[in-house]
Every structure is written in C-alpha cells, then in structure tokens.
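Input: a single structure, listed below in structure tokens.
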Amino acid sequence: MNSLLGQTNLWEAFDVGRDLFLFSPMIAMVCTMLLIVACPIVIGRGTRTISVAASFGIAVTFFLAWRVMGTVGDAAVSGFSAEPFLGLLVADKLSVGFQLLLMVFLAGVSLLWLMGSARTERNAPEFFILLIGSALGMSLMVSSANLLTMVIAIEMASIPSYAIVGFDKRDRVGAEASLKYMIFGAVCAAIMLYGTSLVYGLVGSLSMTEIAAFTVAQMSGGANVTLLGVALSCVFVGIAFKISAVPFHFWCPDAFQGAKIEVTTWLSVASKAAGLVMLARFMSMMCAAVPSELNMNLLTPLAWVIGVLAAVTATVGNFAAYKQQSVKRMLAYSSIAHAGYMMMATAVFIHPSASGAGAGMSAMLMYIVIYMFMNLCAFGVTAMVSWEAGTDDIEGFNGLIRRSPLLAVPMVIALMSLIGMPPMAGFIGKWWILVALGQTGTLLGWSLVVVASVNTLISLYYYMRIVVQMGIRDSGRRPAFSSPLSGLALVNVCAVVLLVLFFAAGPFKERVAGFSTSLYSVTVTSPVSHESLAVADQEAGQ
Amino acid sequence: MFLPKKLFPAFTAASLLLAVPALAQTPAGVTEAQAPGGLLEALVFYAVAFLVCGSALGVCFSKNIVRMAVWLFVTLGGVAMTYFLLASNFLGAVQLIVYAGGTLVLLVFGVMLTSKSPWARFDVPKLELAAAAAVALTLAVSLCVVLMRTEWHSAEGVVAGATMDQLGKTLLTTYLVPFEVAGVLLMVVMVGAAHLARQEKN
Amino acid sequence: MLTIGLTHYLIVAVVLFCAGLYTMMTKRNAIGILIGVELVLNSATVNLVAFDRYLGGQKLDGQITALFVIVLAAAEAAIAVGICINVYSNLGTVDVDRASRLQG
Amino acid sequence: MTGHTYEICLALGVLSPMIGFWLLVFGGRVLGKPGAGWFALVTGMGVPLVLATYVLLCWLRVDDATRAALTENAARFHWATIGGVSIDIGIKLDSLTIAMFFMVTFIAFWIFFFSIGYMSGHSDEVDGKRKYWRFFAYLSLFAFSMLGLVVSSNLLFLFIFWELVGLCSYLLIGFYFHEPTPQYAQIKAFVTNRVGDFGFLIGMMLVFFHLKTLDLDQAAVVFGEQYAAGSGIFASGFTMFGWSLATILGIGLFCGAMGKSAQFPLHVWLPDAMAGPTPVSALIHAATMVAAGVYLVARVFRLMTPEALMFVAAIGCITLTLMALIALVQVDIKKCLAYSTLSQLGYMIFGMGCGAWVAALFHLVTHAFFKAMLFLGSGQVIEGCHHVQDMRRMGGLRKKMPVTCWTFFIGVLAISGAGIAGVKVGGAGIGLGGFFSKDEILAVAYVRSHEWTSYERVEEGHGGGHGSDEHASAVKVGASRVILASDPAHGDSGHGSTAHGASAHGGSHATGKAAIFENTPPLPKWMFYLALATAYITPFYMMRAWWMTFMGKPRDQHVYDHAHETPMMYIPLAVLAGGTAFASYFVFRDLFAHAAPDATDAAMVLAIDGTTHTPAMSAAHSYLVYAVGGSFVAGFALAIGIYGRGLDVAEKIKRTAGPLHTLLEKKYFIDELYHLVWIKGCLVVATVARFFDTWVLDLAYNLLGSATERFAVFIGRFVDVHGVDGIVNGISKTSLDVSDVVRSPQTGRIRSYVMFAAMVAAVVILILVFKPEPSHRLLIPSVASLGG
C-alpha cells in the first residue's frame with residue numbers, strides 16, 4: 001500500500017460514503033455493542049431488555065449486509081481509495097455473504113442461549129458484547145486483505161471467545177477450558193506475530209496481494225525461499241489454531257467440552273468457518289498472483305502441505321471421536337474432522353485448472369453453509385437433551401426416540417448429514433468437495449478423495465452410536481421430554497433446511513459459487529518476469 | 001540459573017543507566033546520520049543486547065513467578081532501549097509506558113491475586129525441561145542460520161527515524177481501520193475482563 | 001562485528017523468541033506462560049522495528065505494526081489475568097498441570 | 001397410454017410408500033396392531049403393484065418403435081450442475097425397469113402380507129405395539145428406496161437410493177436391537193456395504209470426470225464413443241494392477257455391487273443379516289436388495305471393459321462355488337438359505353461377467369420368486385416352532401404344516417433347476433424357475449469357455465442363417481426363445497441377442513463394439529466347470545434342508561407338538577409358489593431380451609436365443625442340457641440317500657470328513673482372516689505409532705515405568721483381542737486402539753499441548769532450513785492422467 005504521507009488531502013482519495021456503506025454491517029455490530037453497553041445505564045440489565053437490543057442489532061446488521069450484498073458486484077469492491085481501505089479490508093460477495101450467514105447463526109446461538117444458560121445467568125450484557133465482539137472479529141477475518149488486519153481480526157475473534165468459554169464463573173470446568181483455550185491461543189498468536197514480523201521484513205509490506213506476488217516471484221525466480229517458508233509457517237500457525245488443524249487442535253476438544261453448549265455451538269462453526277474462509281482468501285490471492293495457469297504447479301508444494309495437514313486433521317478428528325462418552329466432546333472432535341474435509345477443498349483450489357477454477361472454493365463455502373445447519377441442529381438437540389438429563393453423556397440420549405421424537409428425528413437427520421448420507425445436505429457437501437478434489441486430476445486430489453471417503457466410513461461408527469443409543473429402550477421408564485417450543489422449532493427448522501438444501505442443491509450451488517467468483521477476479525500486478533517463469537517451467541518439467 | 005540472584009537489582013539499575021547513552025545518542029531522532037556506526041554504537045548495542053538476552057534467559061530459568069516478573073521488567077526495559085537505538089523513540093516510550101508500566105503491572109497484579117504464597121514453586125520434571133530446551137535450541141540455531149543466510153530485499157541502509165508527527169498521521173489515516181478496531185477490541189476486553197474478575201454477588 | 005546491522009537485532013529477537021518459547025513450555029504457573037508470550041511478542045516487535053529502520057524506507061508500517069502488537073499484548077494480558085483469577089477462584093491454583101480434568 | 005403417463009405412474013408408485021412411511025411414522029401408533037400393517041400393505045405395496053401391473057400391461061401392448069420413443073422422451077428434470085455437468089432427476093423408462101418394478105412390487109406385496117401375520121406373533125414384547133408399526137414404517141421406507149433405485153436414470157440418484165436401501169437394511173437387520181447379535185449384524189452389514197460403496201463412489205467419480213455425465217444412457221454412449229476414438233478415459237495411460245483406468249471404472253462400480261450383492265470378499269455380512277426378522281430376510285436379503293447389485297451391473301454393463309467383466313465373472317464364480325459348499329454343512333435353516341442365496345447371487349454375477357446379461361437378469365427374477373418363497377416358508381417354520389431354527393431339531397413337520405411343506409418343495413425344485421429336459425408342451429419346455437435361467441447362464445458360460453473362437457466366426461457370417469439356426473438350437477434352451485417368438489411384435493428384430501444388436505443399432509457404435517468383441521478373451525475353462533459342478537451341489541443341500549425339516553420322523557417332540565401354520569402366512573406362500581412355477585413362462589425373459597440390445601454398445605451380450613448357434617454348437621448344448629438337466633436328480637438322490645433315515649449317516653460322513661467339514665463350517669475362516677488382518681495389521685501400525693508417541697511425549701514423564709506398563713497393556717490387549725472374534729468387534733476394537741493412539745497427546749495438560757505443537761513446528765522449521773535443496777525444486781509433478 002502506498003504511504004499517503006505526501007498527500008495534502010487524504011480524504012479526497014476515496015469515496016467515504018461508499019466505503020462506510022460497504023462496511024456498514026460491521027459498523028452496525030459495533031453500534032449494537034455500544035447499544036448493549038448503554039442499555040444497563042438507561043433501561044436496565046435484564047436479560048429480556050438486552051436480548052431485545054441484541055436481536056435488534058443482529059437484525060439491522062443482517063439487513064445492512066443484505067443491502068450491501070445487492071450492491072457488491074462480482075468483483076471485489078474496495079473501500080477507501082482505489083484499494084479497499086487502503087488494502088486493509090475488502091468487501092466482496094464472499095465477506096458479505098459470510099456476514100449474512102454469521103448473523104443467521106448468531107441468531108440461532110442467541111436463541112439457544114436464551115433457552116438455556118440465560119435462565120440462570122444474570123450477565124446478559126457482557127455475554128452479548130463478547131458474543132457480538134467475536135462475531136465482529138470473524139467478519140473482520142473474512143474481510144481482511146492484510147496481515148496486520150488479519151492478526152488484529154484473529155485477536156478480535158479470539159479474545160472475547162476465551163472469555164465466553166469461561167463465562168459462567170461458578171463452573172470449574174468452564175474456567176479450566178477457558179484457561180486452556182486462552183493459553184493455547186496466546187501462544188499461537190504470539191508465534192503468528194513473530195512470523196508476521198519476518199514476512200514484513202522479507203516483503204516490505206503486509207498486504208496479502210504483495211505477499212502473494214512476492215512469494216510467487218521468489219519461487220519462480222529460484223531464489224532461496226527458506227526464510228519465507230519459515231515465516232509463512234509461523235503465520236499459518238495462527239490460522240491453523242483457528243481452524244483447529246492438527247497439531248494445533250489440542251485446545252478444541254477441551255475448550256468445547258468445558259464451555260457451555262451454546263458457546264460450543266458458536267465456536268465450532270463460526271470460528272472455524274472464519275478461519276477457513278481466511279485461509280481460502282489467502283490461497284486464492286496466491287493463485288491470482290501466479291500469472292498463467294501453466295505455472296500453477298509452482299504452488300504445488302503449498303497445496304501438498306495443506307492437503308496432507310487436512311488429511312491428518314480429518315483422520316485424527318474421526319478416530320479421536322471414537323471413545324468419547326460426552327457427546328459435546330464427540331462433536332468437538334467431529335468438528336475437527338469436518339474442518340479437515342473443508343481444508344481439503346482449500347488445498348486444491350490452488351489448482352484452478354480451466355474447468356475446475358473455483359470448484360474447491362465453492363465446495364468449501366457450500367460445506368460451511370451446510371455444516372452450519374447440521375451442527376446447529378446436532379448441538380441444539382444435544383443442548384436440550386443435556387439440560388433435561390443433566391449431563392452431556394451419551395447415556396442421556398437413551399430412548400430419545402420414544403421420549404421425544406421431535407428431538408430424535410432432527411438429530412438423526414443431522415447425524416446422517418454429518419456422516420454424509422444421501423438424502424441430507426451433508427452428502428451434497430461431501431460430494432462437491434470430492435468432485436472438486438477429483439477435478440484437479442492430480443495425485444494429491446485423488447489421494448484426498450480416497451482419504452476423505454475412508455474417513456466418512458470411519459466416522460460412521462461414532463455417529464451411529466448416538467443413533468443406536470436413541471433407539472435403545474431405557475431400563476427405567478423415564479418421562480417424556482419437556483423441551484422449549486422454540487428449541488424444538490429451531491432444530492426442526494434446521495433439519496428441514498438440511499433436507500431442502502439437498503433437493504435444491506442446484507440453485508444453492510449456483511448462489512454459493514457466485515460468492516467465490518470475486519476471489520478469482522482479483523488481479524495482482526506481479527513483478528514476476530517472463531524469464532523467471534520460463535526457468536520455473538523448465539525446472540518443474542524436470 | 002547462570003546469573004546470581006543477588007545481582008538482578010543491580011542489572012535493573014544498569015539498564016536504566018544504559019538507557020541514558022541510548023537516549024543521548026539519538027536526541028530527537030530526526031537528524032540522525034545516514035550511517036551511524038563506530039565503536040560507541042557497537043558498545044551500546046552489545047550492552048543492550050546482553051541485557052535483553054540475559055534477562056530473557058533470567059525469565060526462562062527463574063523458578064518463581066515474582067522473579068520472572070522482575071526479569072521480564074528488565075527485558076522490557078532493554079527492548080525499549082533497542083527501540084531507542086533503532087531511532088524509534090516514540091515506540092520506546094510506548095514500550096516503557098504501556099508495556100512495562102501497564103501490561104507488566106497487570107501481570108503482577110495477576111500474580112498477586114492468584115497465589116497463596118507468591119514464592120510457591122511448581123517443579124517441572126527434568127526430562128521435560130530437557131525436551132523444551134532441545135526444542136528451543138533447535139529453533140534458535142535454525143532461525144539464526146536462516147536469518148544470517150537471507151539476503152534482504154532492499155539494502156538501502158539506515159534511514160532517518162520517524163517523527164511522532166508522521167507516526168500519528170499514518171496511524172490516523174492509512175491505519176485508521178485497525179486503529180478503530182483496536183479500540184473496539186479494548187472495549188470488549190474491558191467488558192470481558194471486568195466480568196471475569198468481578199466478584200459475583202450471591 | 002563492530003558495524004551493527006540488521007542481523008544483530010534479528011538475533012536478539014531470536015533469543016527473545018526462543019526464551020519465550022521455552023518459558024511457555026516449562027512454566028506451570030499460567031501467568032508464567034503469559035510472561036513467555038510477552039517475550040515472544042517482544043521479539044516480534046524488535047523484528048518489526050529493526051526491519052522498519054533498515055529496510056523500510058520512508059514507510060512506517062513496521063513501527064505502526066509494532067504499536068498494534070503492544071496494544072494486542074495489553075488486551076490479551078488483561079483478559080488472561082481475568083481468566084487466571086477466575087481459574088484461581090474455582091480451582092484454588094493457577095498451576096496449569098492441575099487443570100487437566102478435561103482430557104482424552 | 002401416451003406421453004408421460006408411464007413416468008407418472010412409476011413416480012407415483014415410488015412415492016406412495018414414501019407417503020406411507022411418513023404417515024406411519026406420525027400415525028402408526030393410532031393405527032394400532034394389525035391396522036398399521038394393512039395400511040403399509042396398501043400404501044407401501046398395494047398401490048405400486050396396481051400401478052406396476054398397469055404400466056406393464058400397457059408396455060406389453062405397444063410396439064418396439066413406441067417403446068424406443070418412450071425411452072428416448074422420458075422426462076428429465078434438472079437438479080443441479082456440478083462442474084459443468086448437468087445432473088437430472090428422471091425415470092429410466094425401458095423394459096428392464098418395468099420388469100424389475102413389477103417383480104419387486106409383486107414379491108414385496110406378498111411379503112408385506114406375510115409380515116402382517118408374522119409380526120403379530122411377536123406380541124410378547126414389552127412395547128410390541130410400537131415396534132409393530134415401526135417395522136412397517138421401515139418396510140415402507142425400504143420399498144420407496146428400492147423402487148427409487150430401480151427407476152433412477154442417473155447414477156448419482158441410483159447411488160442415493162442405493163444408500164437409502166442400505167440404511168433400511170441396517171434398520172431392519174437390527175430390528176431386535178435389544179439382543180446383541182442383531183446389533184453386531186447390522187453394523188457389520190452397514191460397514192461392509194460402505195466398503196463396497198467406497199469403490200462405487202470411486203467408479204462414479206471416474207464416470208463423472210471422464211465421461212462428463214452421470215446419466216446412465218449418455219454415459220454408455222460416451223464410453224462407446226471414447227472407446228472408438230481411443231480418447232478420454234481410454235487415453236489416460238494410467239494403470240493399476242495392470243488394469244487400465246476404464247477397467248478400474250468398471251471394477252469400481254462393481255465393488256458397489258459386490259457389497260450389496262454380497263460377493264466373495266464382502267459376502268460376510270449376509271449370513272449374519274439373518275438375525276433380522278424373517279420377512280426382512282425374504283424381502284431384502286433374498287429377493288430385492290441383494291439383487292440390486294446385479295441390477296447395477298446390468299445397468300452399467302456398457303461401461304465394463306472385457307477385463308472388468310472377466311473380474312466380475314471370476315468373483316461370481318468364486319462366490320457361487322464357495323458359498324454352495326458352505327451351505328452343505330449349515331444346520332440353521334435360515335443360514336442354509338442365506339448361503340444358497342449367496343451362491344445364486346454368485347450365479348447371477350457370474351452370468352453378468354460372462355455376458356449372459358439376459359440370463360442373469362432372468363435368473364434374478366426367478367430366484368427372487370423362489371427364494372422369497374423359501375424364506376417365507378422358513379419363517380413359517382420358525383414361527384411355528386417357536387423360534388427354533390436348528391434343522392436337527394425339526395423333522396416330520398409335513399404333517400403339521402402341509403402347505404408350507406409342499407410350497408417349500410416347489411421352491412427346492414425351482415432352485416435345483418428341476419425340469420424335464422428335452423420335452424416340450426405346446427412349444428414350451430417344462431421346468432421350474434431355475435431350470436431355464438440357470439441353465440442359460442451355464443450355456444453362455446459354455447460358449448464363452450469352449451466355443452468362443454468358433455462363435456466369433458459365426459458372428460461374422462451371421463446374415464442369412466437366422467431362421468435355420470433358431471430351429472436347430474438346443475431344445476431346452478429353445479423353450480424361452482419360443483415364448484419370445486410367440487409374440488409377433490418382436491419375434492424377429494434381432495433384439496434378443498448378442499452382438500447382433502449392433503447391426504440393428506446402427507453403424508456409429510458398431511466399430512467400437514466389434515473391437516471390444518474381438519478383444520474379449522475366452523472364459524477360463526475352470527470357471528465353467530466350477531459353475532457346472534455347483535449346479536450339482538445346489539439340489540443336494542436344498543433337498544437336505546427340506547428333508548431334514550419336513551420329512552422323516554420328528555426329532556424333537558416338543559418342537560413338533562407346537563408346530564402349526566396360519567393362513568395369513570401360507571397364502572403368500574401359495575401365491576409365490578405359483579409365481580415360482582410360472583415366472584419363467586411369464587413376460588420377464590421377453591422384457592429382458594428386449595432391453596438387451598441397448599446393452600450392446602460397448603461390450604457384448606450373449607443370450608441363448610438360438611440366433612447365435614451353429615448347428616454344431618447346438619449339438620454341444622444339447623449334451624449340456626442333459627448334463628445340467630439331470631443334476632437335480634442326482635443331487636436329490638444323494639440327499640435322500642444320506643438324510644433319508646435321520647442324521648446318522650450324515651454324522652458318520654462328518655466324522656470322516658473331519659477337517660474339511662470344519663473348514664466349511666467355519667466358512668473358510670474368512671471372518672477370522674479379516675479379523676486377523678485388521679487387528680494384526682492395525683495393531684502393527686498402532687504399535688509403531690504408539691511407540692513413537694511413547695518415545696517422544698512420555699519420555700519426559702517417566703521413561704521406563706510408563707513404557708513397560710504400556711507395553712504390558714498392549715500385550716494384554718493383544719491377547720484379549722484374540723479371545724474375541726467377529727469382524728465387527730475387530731474393526732471397532734482396532735479403531736478404538738487407533739483412537740487411543742491419536743488421543744494420547746490429549747493429556748489434558750496445556751503445557752504438553754504447547755510442547756507437542758512446538759515440537760512439530762520445530763521439526764518443520766528444521767526440515768525447511770536444513771533440507772538439501774531449495775524448496776522450489778521440490779515440486780511434485782501433477783499426475784494429469786488421473787483426472788479429466
């Protein structure tokens with residue numbers, strides 16, 4: 001980015017009104033937080049008051065995101081000057097679409113919280129501020145186009161998350177979970193920052209486009225890229241922490257088990273999704289920096305690293321879920337596994353061969369959407385079961401099919417979807433990822449297809465355990481469940497959405513694919529010379 | 001621990017003393033020579049580097065938390081001095097005021113609030129220490145090797161330090177967005193930390 | 001040796017980084033781990049400022065980034081201390097090795 | 001009937017059980033005990049049966065041109081576009097679909113009927129009432145899935161229904177889930193099927209990427225074109241185990257069939273699936289779902305290269321032989337039938353592999369009739385004897401349950417291929433079910449193994465000799481042809497057979513087809529002889545089962561006293577016995593033969609319609625016919641000879657045979673082998689992983705003690721594992737062990753997490769820094785040949 005020190009009137013360089021509009025959803029989130037801060041002073045800190053304020057804020061944010069969605073075209077729209085926020089933030093369909101999704105999910109999680117923990121919790125303002133704060137962080141994560149904003153966004157998303165994991169101060173386990181989450185997060189963030197500083201030294205800038213261009217130029221120029229590799233690895237640690245990729249997944253099961261289930265729901269989807277989208281943006285910028293398709297194999301090592309990591313992540317997640325007694329923990333491991341699947345898709349859109357350009361990207365985005373609904377559904381049911389049973393152990397599901405069919409049926413649908421069984425949307429998600437992997441036509445792609453398929457087979461077991469448990473008759477006849485109506489509505493709507501997404505997969509896919517197009521329209525002025533490319537080609541051929 | 005414990009207050013004093021020549025060397029930071037060099041700079045640098053590295057190792061090898069905090073304070077002071085050496089006066093001041101004066105104090109509060117006896121020790125198995133040392137040493141060696149091998153893209157040499165004026169302008173123009181986000185972050189952190197640390201009235 | 005260059009500062013940063021890493025791995029006190037994190041963050045800032053000085057030209061990106069790092073460190077420390085206090089009041093200790101009920 | 005009425009009827013037929021399912025789920029309790037069953041009978045199968053009959057009658061009335069037009073113009077609805085390939089929902093409207101649809105609905109209808117009676121006997125359950133409607137809900141869901149599978153025009157949707165069918169099978173096998181056996185069995189079935197589906201998925205993706213379509217018809221056309229042009233999938237140059245990518249495509253798809261149709265390495269689940277209720281065994285594990293694998297092979301037949309078909313034939317041949325041998329020693333009546341099912345499925349798959357497309361499907365239908373009937377008969381026996389399944393405790397039941405006895409006998413005759421060779425009445429041969437279908441498979445196998453070279457010559461000079469060949473063909477085999485010829489609408493148009501279809505089909509695919517035809521090697525002779533020999537074994541074990549159950553003297557007076565039969569249950573038996581007797585004369589053979597030409601684009605289809613025979617071959621077939629036709633006599637005689645006077649002779653033989661008997665009784669130790677491979681193999685991996693883990697992580701904690709302890713635990717577990725048997729235990733235990741390994745870093749101590757992560761980071765950085773060459777030379781070349 002250009003330093004604007006020499007300019008006399010900085011504000012003439014960009015259209016402030018337009019930029020404020022483009023980023024209005026985030027501004028709305030900030031205003032919501034301020035509103036919630038003001039509420040206790042002006043009206044009162046009752047849960048009802050606060051939740052009304054929060055829902056109002058969420059609705060406004062959703063509405064604004066909807067409006068912005070209509071105006072951003074296919075191309076990445078930048079804010080403030082020719083470059084978005086001077087290259088710090090971008091607003092494109094991807095980021096705005098993610099914000100829309102996030103608001104839907106936020107509403108679902110808030111509803112869950114109001115049904116559950118809110119009944120004994122008196123600190124609604126704090127909870128909502130932290131929740132919306134982390135949502136803001138996630139929105140920033142998907143919009144950032146600069147390593148500095150990326151770091152700040154990750155912190156913005158993480159720090160409130162640490163606090164809400166241990167939000168209930170009477171909860172020993174929650175305290176322990178938040179401690180572990182915080183320590184692991186702080187360590188990863190510190191390492192990421194160290195990497196960032198090295199990147200700055202090498203590239204002379206933190207703009208992702210420039211980093212990408214520099215990387216590609218170095219690689220094609222045959223320069224020694226060791227330090228760049230080290231630096232980017234360190235940066236990747238921070239991202240991997242958010243995605244909970246192996247071996248940076250350790251926090252995930254502990255924090256998810258210890259947190260209140262609403263919080264687990266929130267983190268298991270939103271924070272991972274944001275991390276994945278961020279990774280996706282980074283990777284697509286890399287792709288965009290490679291000037292011609294022929295040289296895509298420059299990035300092959302990168303794809304292999306991410307691919308192998310993804311494969312390991314999926315496998316570890318699935319295997320570790322096996323012996324879990326706590327359903328929450330089992331779902332935490334399953335979320336690691338699913339992050340692995342999504343990372344696989346990220347690994348391959350580094351190969352935008354003519355037909356498959358953006359296939360991995362849109363597959364991943366679709367999977368995120370589907371994953372959001374299936375996790376909301378599964379966690380919602382688990383939440384209601386655990387409130388009723390007083391434990392989140394799998395035994396709580398005993399005989400659920402008789403005790404509350406309206407909980408059991410959505411759960412079965414969600415689990416089937418998580419497995420990837422056909423009539424649910426999860427199948428479509430997996431199928432599209434497999435297609436994207438296969439379309440690359442590379443050894444990597446096909447190996448990942450095999451790994452993903454085998455993993456689906458493995459995952460069958462532990463998901464089925466819940467199903468079996470629900471069918472098993474209880475020895476003592478326990479009474480029927482009395483779940484809150486809104487909760488039943490929530491999970492059943494999610495289940496229906498899972499079915500609908502399956503049957504309406506065509507339009508759904510087209511819509512999502514639109515989100516990803518903007519990424520590929522980013523053009524990067526690359527300093528790569530043609531001679532160096534020729535060298536790289538020769539070497540790749542050898 | 002390779003430094004005698006008794007010496008650490010002395011090191012603290014030395015750090016403050018060393019800050020003086022550092023400050024003197026770059027009075028306002030504007031009119032600095034293109035290639036500062038010479039023996040004086042080298043000497044000051046090595047003193048500061050020794051201070052920083054030594055106190056960082058002191059943090060490593062201290063067994064109790066209070067000592068660690070004190071060593072950290074020395075380290076932070078030393079880092080501030082490196083900033084002065086690098087002609088980043090504003091940053092050095094921020095480091096001293098915010099980091100040493102704020103963050104560290106926060107940590108010390110944490111220490112005081114969370115230990116029955118601040119001198120309590122938690123022993124760690126020897127083998128684990130060895131493993132950690134191995135990892136750290138491996139990283140240190142590899143990083144040093146690679147850093148020394150690397151050719152940096154622009155070797156323009158040393159440039160003039162920035163004025164606070166420039167810093168302030170950049171911060172509030174180019175970096176306005178992160179600046180605001182940091183503000184929001186601090187607000188959220190304030191709410192969260194207050195919630196976590198507050199005594200619940202039952 | 002006597003001409004102080006970029007690499008000298010970077011090596012100081014490496015020492016800080018590794019010392020921090022070692023601290024994070026070996027301290028059982030949660031706050032001790034945080035102190036290790038602070039060391040690593042400091043190494044990042046030293047790097048940034050040194051790069052800014054030697055390679056940055058007229059740009060101030062490095063220093064600004066370092067400023068943000070300091071802010072982030074403060075924010076993180078604040079919430080971390082809050083969490084530590086919370087843990088302390090629940091578990092009676094901030095020994096991270098004893099906070100191991102969640103496992104497997 | 002014009003326009004899209006066919007599709008609408010079929011679609012309604014598919015949807016009706018679905019609606020029934022939902023109504024049962026929400027209203028099953030209200031409907032109560034017999035009500036839910038009757039409701040399921042009407043919505044689940046009654047409506048589809050009526051529609052199927054209507055469609056079938058209409059279809060029979062129209063001529064070939066109309067049929068072709070109907071197939072061509074069948075409605076398609078766009079569902080989604082993936083990677084530039086449009087995927088449509090649609091109904092595959094052709095003779096095969098209609099015949100299968102009718103077969104499934106007809107048989108399922110009577111099995112539903114039977115179930116109403118069968119399940120009402122299970123009133124001793126605590127909540128039997130709820131179970132009752134749940135059972136019918138599952139059955140309806142199954143009906144929906146199976147019918148959906150049959151009508152799907154698209155590989156993806158076929159796969160979706162395929163999975164649904166597997167899910168229903170899972171639910172129904174484990175219907176008595178409070179007992180341990182069904183639970184294991186259901187998981188075993190599910191997992192084994194998923195192993196097969198894994199291959200299916202790979203095959204499907206190859207179709208998708210290389211043929212750029214998932215539509216069954218289009219895929220076949222593209223496949224043929226690519227073959228002719230040597231492009232696309234034939235140009236990849238990728239090989240694995242010496243198979244080209246095109247062959248792998250076929251084998252991958254066949255893997256799915258191997259799972260569902262329980263072919264040799266994946267057959268282990270089917271015998272265990274007998275833990276489910278008997279009507280389920282009859283419907284799913286004998287008549288319909290297991291046949292879906294054969295149906296799939298038939299549908300993707302045109303995507304199979306000769307090598308792939310040879311693989312199919314080999315698997316089928318191995319299955320049919322080995323499973324028949326196991327059936328010899330089974331004493332559980334349902335297990336005996338299960339192994340006989342496996343053997344017969346082997347015949348079908350073998351037939352497919354040989355190219356006996358028509359005959360294999362024909363056998364599928366006849367087998368569905370008689371095996372459903374046999375299973376229902378066994379269900380009647382089991383129900384009547386209060387859940388005694390051991391045939392050694394039965395005997396003499398013919399007096400207590402005469403209808404069951406004699407319908408069962410018809411089934412035995414049918415599966416044994418009983419008929420009167422060489423005699424025709426009114427132009428039709430005399431025989432039951434398997435008499436025609438199995439012998440046709442054998443005849444094709446004979447041609448493929450012994451006369452293949454001469455067959456090629458005949459094919460070239462086909463032109464005029466049509467009529468005379470027809471008359472000169474083998475008498476018995478001719479029987480089915482006569483039915484064909486009796487319908488003037490398609491007596492002549494060459495649709496009935498082989499590679500001739502190509503000439504009728506037009507020139508464009510002919511080259512490709514002919515070339516493949518030339519490349520098709522003769523079948524190894526051993527395959528034919530094994531299949532022939534098994535034809536002698538089948539009657540023996542079936543007669544043995546029948547005799548042990550119904551004839552002789554009661555061996556367990558208690559069981560005998562309780563035995564009874566109920567009309568609710570024997571009416572379906574009688575109906576299906578009628579079906580068994582006449583299925584082979586009915587339109588099925590005709591319809592399959594009509595569908596066959598479509599399947600000749602890429603590979604060859606053989607059907608014994610006379611048109612392919614030289615007089616010399618016909619003569620050879622005549623001997624064959626007598627050889628096979630006599631098999632049932634020999635088998636029956638031997639069985640009655642041994643079991644005619646109780647079990648003494650059998651015991652003696654058993655003692656003499658010793659190890660051989662054990663080998664068969666233990667099912668060749670295949671389960672044990674799986675167990676061994678899984679457990680041992682994975683344990684080795686786990687050991688290595690754990691050793692690493694122990695070495696790296698726990699070194700810090702306490703080196704020797706911990707390691708020793710872990711080692712001891714390991715040894716203990718290792719020994720323990722050997723005490724447990726069964727593949728499911730094996731897999732799950734292994735997985736649990738692996739689970740332990742991957743979770744072992746999750747110690748709960750945050751410091752160890754940090755250390756672990758830092759170690760990984762350190763190793764990565766170490767590699768980055770000290771690797772021998774700069775990373776840009778470490779480029780891994782992309783294997784472009786793998787994908788499209």
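Reminder, nothing fancy here: chain letters follow the sequence lines and each chain counts from 1.
Each of C/Ile83, C/Ile70, C/Leu72, C/Val94 has some count of heavy-atom pairs under 4.5 Å with chain B, and the biggest count is that of C/Ile70. Among the candidates B/Leu171, B/Leu104, B/Val98, B/Leu137, the residue making the largest number of heavy-atom pairs closer than 4.5 Å to chain C is B/Leu171. If you tally non-hydrogen atom pairs under 4.5 Å between each of C/Ile31, C/Val87, C/Leu34 and chain B, the highest count goes to C/Ile31. When each of B/Ala193, B/Gly110, B/Pro178, B/Ala69 is scored by its heavy-atom pairs under 4.5 Å with chain C, the top score falls to B/Pro178. Across C/Ala75, C/Gly32, C/Ala19, the residue that shares the most heavy-atom pairs under 4.5 angstrom with chain B is C/Ala75. Taking B/Cys144, B/Ala132, B/Ala182, B/Gly192 one by one and counting their heavy-atom pairs under 4.5 Å with chain C, the maximum is reached by B/Ala132. With respect to chain C, the highest number of heavy-atom pairs below 4.5 Å among B/Ala49, B/Ala194, B/Ala133 belongs to B/Ala133. Ranked by heavy-atom pairs shorter than 4.5 Å toward chain C, the options B/Leu143, B/Thr114, B/Leu76 are led by B/Thr114. Note: B/Leu106 leads B/Val135, B/Leu106, B/Leu147, B/Val188 in heavy-atom pairs under 4.5 Å with chain C. Ranked by heavy-atom pairs under 4.5 Å with chain B, the first of C/Ile35, C/Leu41, C/Thr7, C/Val46 is C/Ile35. The greatest number of non-hydrogen atom pairs below 4.5 Å with chain B, out of C/Ile64, C/Val14, C/Asn86, is found for C/Ile64.
The OG atom of B/Ser62 sits 6.5 Å away from atom NZ of C/Lys27, with the distance rounded to the nearest 0.5 Å. Rounded to the nearest 0.5 angstrom, B/Leu72 CG and C/Asn42 CG are separated by 7.5 Å. Distance check: B/Tyr175 OH to C/Thr65 OG1 gives 5.0 Å after rounding to the nearest 0.5 Å. Separating the CG atom in B/Leu86 from the CD atom in C/Gln63 is a distance of 9.0 Å, to the nearest 0.5 Å. Atoms CD1 and CG, on B/Ile65 and C/Asn29 in that order, are 4.0 Å from each other to the nearest 0.5 Å. The distance from the CE atom of B/Met68 to the CD1 atom of C/Ile33 is 9.0 Å, given to the nearest 0.5 Å.
C/Thr26 touches chain B through backbone and side chain together, each having a heavy atom under 4.5 Å away. Residue C/Phe17 touches chain B through its side chain alone, counting heavy-atom pairs closer than 4.5 Å. The parts of C/Val49 that come within reach of chain B are both its backbone and its side chain, each placing non-hydrogen atoms under 4.5 angstrom from that chain. For B/Leu113, the parts sitting under 4.5 Å from any heavy atom of chain C are the backbone and the side chain alike. Heavy atoms of B/Val59 lying under 4.5 Å from chain C belong to its backbone as well as its side chain. With a threshold of 4.5 angstrom between heavy atoms, C/Leu21 approaches chain B through side-chain atoms but not through N, CA, C or O. Contacts between C/Thr93 and chain B at a heavy-atom distance below 4.5 Å involve the side chain alone, from C-beta outward. Only the side chain of B/Leu185 comes within contact range of chain C, with at least one heavy atom under 4.5 Å from a heavy atom of that chain.
When all heavy atoms of B/Ala56 and C/Leu39 are compared, the pair lying nearest together is O-CD1, 4.2 Å. Taking both residues in full, the closest heavy atoms of B/Phe45 and C/His8 are given as CZ-CB, 3.4 Å, listed atom of the first, atom of the second, then distance. Nearest heavy-atom pair, B/Ala197 versus C/Ile85, reported as atom, atom and distance to 0.1 Å: CB-CD1, 4.3 Å. Of all the heavy atoms in C/Tyr22 and B/Ala136, the pair that sits closest is CB-CB, 4.1 Å. Taking all atoms of both residues into account, the shortest heavy-atom contact from C/Ala78 to B/Val189 is CB-CG1, 3.7 Å. In this structure, C/Ile79 and B/Leu196 approach most closely via the heavy-atom pair O-CD1, 4.4 Å.
Looking only at atom types and distance, the side chain of C/Glu38 has a donor-acceptor partner in the side chain of B/Tyr99 under 3.5 Å away.
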Is there a side chain to side chain contact (heavy atoms under 4.5 Å, CB included) between B/Phe90 and C/Leu67? Walk through the geometry before answering. CA-CA 10 Å; B/Phe90 179 67; C/Leu67 267 178; 3.9 Å; yes

Report the C-alpha separation of B/Tyr83 and C/Thr45 in whole Å, then their side-chain angles, then the decisive distance to 0.1 Å, and conclude whether the side chain to side chain contact (heavy atoms under 4.5 Å, CB included) test is met. CA-CA 9 Å; B/Tyr83 295 162; C/Thr45 47; 2.6 Å; yes

